[in-house]
Amino acid sequence: MGKRRFSFDVLRGISEQAIDGLKADMAFCHPAITGVSKIDPMEGAIEVEVHDDLPDNVGEDIERQVANVVTMSVNSYRFVEAMPPFWSHEATRPYYGIDSVKSFTEKHTIELGPGQYAFQGPATKLYMYFCQRIEKLAKDMNAEFWHLPSIEMSQDLIPKTGYFALHPHLVTFGYRLPPHYERIRNFANEAKKKMFSTAEDSHVLEATGFILEPVVCHNIYRSLKNQRLSEGRIITAQGKCYRFEGYRFSPLLRQWEYSMREVVFIGERDFIAEARKSCIELTQAMVDELDMTASLEIATDPFFTSAAASARTFQVMQTAKLELRLRIDEGNTTAAASFNLHDKHFTQPMEIYDTNERVLETACVGWGIERWMAAFVARWSDDPAKWPDFVKYAS
């Protein structure tokens, strides 16, 4: 694996927050880049890891794309200042850390492809524990329990809310063979003869009009389209979500397919604010119960860099997104839950009103099951014998 170093004045003196954001954005810079070795704000330099034996004509494109991403990413954090957490909890015992997470995943998960992992043994048990524990939290909110598909038709909510403009880099699109006998027969014959794993000519495929669901809540808003609600509602569902993460895939911490429990609030602003507050308190109680180091912080979504500056600034100014970050290791945390206010972002385009024809508001809370697993193992060890009894003996 080779390395390339680039210098940009815009990198000089950037904040830790901007550095973290740039590391994330670089995963979508160029397919030849496999990682970021170093970002030096003193010298204004960034060093990236690249594939060996690259064609000569790729170098200029890499440099151009790095310049694009560095400029857009750093500028997107220009007006986003680091702020102290609203709440924090310190564990009473030392942490086992990232090495414990790596040991646990090496023993109890199987990589099936980029960002795709099978769980076995203790990993399955821990997964089921957090599914059930967070389900209880939703029950404590008196939420309606729904089941939703893991695909989302993209003709209504997606264009009306601008999702593709804000998050195109995360999306996994669905394609299929057209319902045309000869074209399907030709593909089947070629597949049998060449044993290929995908269409050699992408033009034989057509877009399905759906994407793999990046968040659980989208299909809830789509389900409530054109409805008139007489009172506030709290709805919950757990589903599989899909986000492409470039070269950053890691078992439990960053997966292409992952599990998320969400609770969605629909109603008047006061109802939304109070419900989110209650959900935050219940999540804090779960952190105390599990004795994990955590903090509740203002955050921003992973916007595509060209759209990020105004969006990130707005979210911070409005305190629209709070994240619960759980400790993995010294200086290393993971966002395990988010508490998001949407205003009328979803209800206006989906025409969700009260009985007096006033547009309602929404908020959602999401818990990433696998990240809770990772943080738990970092806190309590990769050895299940050291886990608390209420986890060890959970049904």
For F173, enumerate each residue passing the ring-ring contact (aromatic ring centres under 6.0 Å, His included) test, keeping only those at least two apart in sequence or located in another chain.
F164
Between [Y] and [X], is there a side-chain heavy-atom distance shorter than 4.5 Å?
X	Y	answer
L11	L22	yes
L177	L205	yes
P114	Y247	no
E370	Y117	no
N340	C364	yes

Under a 3.5 Å distance rule, please check whether T161 uses its side chain to pair with a backbone N or O of L157 as donor and acceptor.
yes
Side-chain H-bond candidate by donor/acceptor type, [X] with [Y], under 3.5 Å:
X	Y	value
T347	E361	no
S381	D383	no
T236	R261	yes
R183	N186	no
E152	H218	yes
R371	Y258	no

Is it the case that R327 places NZ or CZ above or below the six-membered ring of Y95, under 6.0 angstrom from the centre and within 45 degrees of the axis?
yes
Given a cutoff of under 4.5 Å between side-chain heavy atoms of I, L, V, M, F, W and Y, with clusters grown through shared members, what are the other residues clustered with L112?
I110
Test: K225 and E351 ion pair at under 4.0 Å:
no
Using the ring centroid of each side chain, check whether F130 and W367 are separated by less than 6.0 Å.
no
Using the benzene-type ring in the case of Trp, are the ring centres of Y242 and W256 under 6.0 Å apart?
no
Determine, stepwise, if the pair I33 / Q65 fulfils side chain to side chain contact (heavy atoms under 4.5 Å, CB included).
CA-CA 10 Å; I33 295 176; Q65 301 314 316; over 6 Å; no
Find the distance between CE (M128) and CD1 (I369) and round it off to the nearest 0.5 Å.
10.0 Å
Here the gap from E245 atom CD to R254 atom CZ, rounded to the nearest 0.5 Å, amounts to 4.5 Å
Sorted by chain and number, sequence neighbours left out, side chain to side chain donor-acceptor pair (under 3.5 Å) with H108 holds for none
Atom NZ of K107 with >12 non-hydrogen neighbours under 6.0 angstrom:
yes
Would you mind telling me which of V377, D382, I98 makes a side-chain contact (heavy atoms from CB on, under 4.5 Å) with S103?
D382
